[in-house]
Protein chains: 2
Amino acid sequence: MIIHIEPHADTPIYTQLTKQIIEGIARGYMRPGDSLPSVRALAGDLGVNMHTVNKSYHELEKRGIIRIIPKSGAVIQAPVVVTQDSHHYEHITDELKSAIAEALVLGIQTEQVEELVTSIIQDLHAEAEKK
Amino acid sequence: MIIHIEPHADTPIYTQLTKQIIEGIARGYMRPGDSLPSVRALAGDLGVNMHTVNKSYHELEKRGIIRIIPKSGAVIQAPVVVTQDSHHYEHITDELKSAIAEALVLGIQTEQVEELVTSIIQDLHAEAEKK
DNA sequence: GAATTTGTTCTATACAATATAGAACAAATT
DNA sequence: AATTTGTTCTATATTGTATAGAACAAATTC
């Protein structure tokens, strides 16, 4: 899986990495049960510091996406049933609400927002089916 | 309109303010053409620094939501037709993609994501109709 | 069993971002 | 004429981000 980091973007490196790993899993480039590269190996590939990758991995663990096994490695979690009162669900809802509110204020109509969401989901699923 | 700031949250104060103003407009608490309070007045109400409010206002202007008239004030912009190649559209798409990818990875199904989006839109529109 | 790799923990440094404070300015409003 | 407005400037303190290196113990590999 290809990861591209822009060192001087306004988004922190560890956040760029976290987002791209999540999108990579959504696209099916990596599957539940798969191991992520070691923090040293990935840091070497990306040309960033070990601690930066480590911070991203712990961010992913906090969001319930991977499981870090001490002294061993990081494994992609199997999807669990997310209840509406979990903090994971609240986090997703908050992110969606921010984006949707901004879209509506800018004049994007309700139907267009829903169509955009559908097309994003289709885009994410597109390549996942090939695997 | 009620704005609540948490000074010690991990989200910067100016970002909290920007999001809540956007949501407030989406809910119809403020309308296009309305003026925002002066940076000094709002800073006083919220108990934060003038420059923090100013930074939020300029963030809103950069996103096309308000227009700052020098030496006068800030006015909420009228919604414009957003084309798919505008940077506003790209920004919305990126935010939605991040949230949706995370939702799918956590095991929220496609239909549930679409239902969640619909319910968020309804929630935002709920009070706007009363006005 | 020995060597290597693993995440973890610690100190240290450099730089940028955030937030506050105060002052001064010129234009707009009252 | 007085006040309010956003703007601009200096200044400071704190936090966040990123890098660097070292050391450790557990896990894995050979």
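So you know, we letter chains A, B, ... as the sequences are listed, proteins then strands, and number each from 1. Remember, predicted model here, so these are calculated numbers, not experimental data.
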Could you tell me whether the phosphate oxygens of [N], OP1 or OP2, come under 4.0 Å of any side-chain nitrogen or oxygen in [X]?
| X | N | result |
| --- | --- | --- |
| A:Ser72 | C:dG7 | no |
| A:Tyr57 | C:dG7 | no |
| B:Tyr14 | C:dA19 | no |
| A:Thr52 | D:dT19 | yes |

Donor-acceptor contact present, side-chain B:Glu95 to main-chain A:Glu95, <3.5 Å: no
Looking at A:His51 and D:dG21, is any side-chain donor or acceptor paired with a base atom of the opposite kind under 3.5 Å? yes
Nearest whole Å is fine: how far is [N] [atom2] from [X] [atom1]?
| X | N | atom1 | atom2 | result |
| --- | --- | --- | --- | --- |
| A:Asn54 | D:dT19 | CG | C1' | 14 Å |
| A:Lys55 | C:dT8 | NZ | P | 15 Å |
| B:Ile13 | D:dT15 | CD1 | P | 13 Å |
| A:Asn49 | C:dA14 | CG | P | 16 Å |
| A:Leu42 | C:dG7 | CG | C1' | 14 Å |
| A:Met50 | D:dT19 | CE | P | 12 Å |

Mind checking whether B:Leu104 and B:Ile108 have side chains closer than 4.5 Å, heavy atoms only? no
Do A:Leu106 and B:Val80 come within less than 4.5 Å of each other through their side chains, counting heavy atoms only? no
Which part of the nucleic acid, if any, lies within contact of B:His58, taking any heavy atom under 4.0 Å across all strands shown: a base, the sugar-phosphate backbone alone, or nothing? sugar-phosphate
The residue, A:Asp10 or A:Leu36, whose nearest nucleotide of DNA chain C is more 5′ is A:Leu36
List the atom pairs, donor and acceptor, that lie under 3.5 Å between side-chain atoms in residues 39-54 of chain B and the rest of the protein, sequence neighbours left out.
{"from": "B:Asn49", "atom 1": "OD1", "to": "B:His51", "atom 2": "N", "distance (Å)": "2.9"}
{"from": "B:Asn49", "atom 1": "OD1", "to": "B:His51", "atom 2": "ND1", "distance (Å)": "2.8"}

How many angstroms lie between atom CD1 of A:Ile76 and atom CD1 of A:Ile65, to the nearest 0.5 angstrom? 10.0 Å
The side chain of [X] is closest to which nucleotide in this list: [options]?
| X | options | value |
| --- | --- | --- |
| B:Ser38 | D:dT7, C:dG7, D:dT5 | D:dT5 |
| A:Lys71 | C:dT8, C:dT29, D:dT19 | C:dT8 |
| A:Arg40 | D:dT17, C:dT6, D:dA20 | C:dT6 |

For A:Gln16 and A:Ala9, the nearest pair of non-hydrogen atoms, with its separation, is NE2-CB, 3.7 Å
Between B:Ile68 and A:Pro70, whichever has its closest DNA chain D nucleotide further toward 5' is B:Ile68
Output field dot_bracket for DNA chain C (Watson-Crick or G-U, both distances under 3.5 Å, | for other-strand pairs) contains ||||||||||||||||||||||||||||||
Ion pair A:Arg67/A:Glu61, N-O distance below 4.0 Å: no
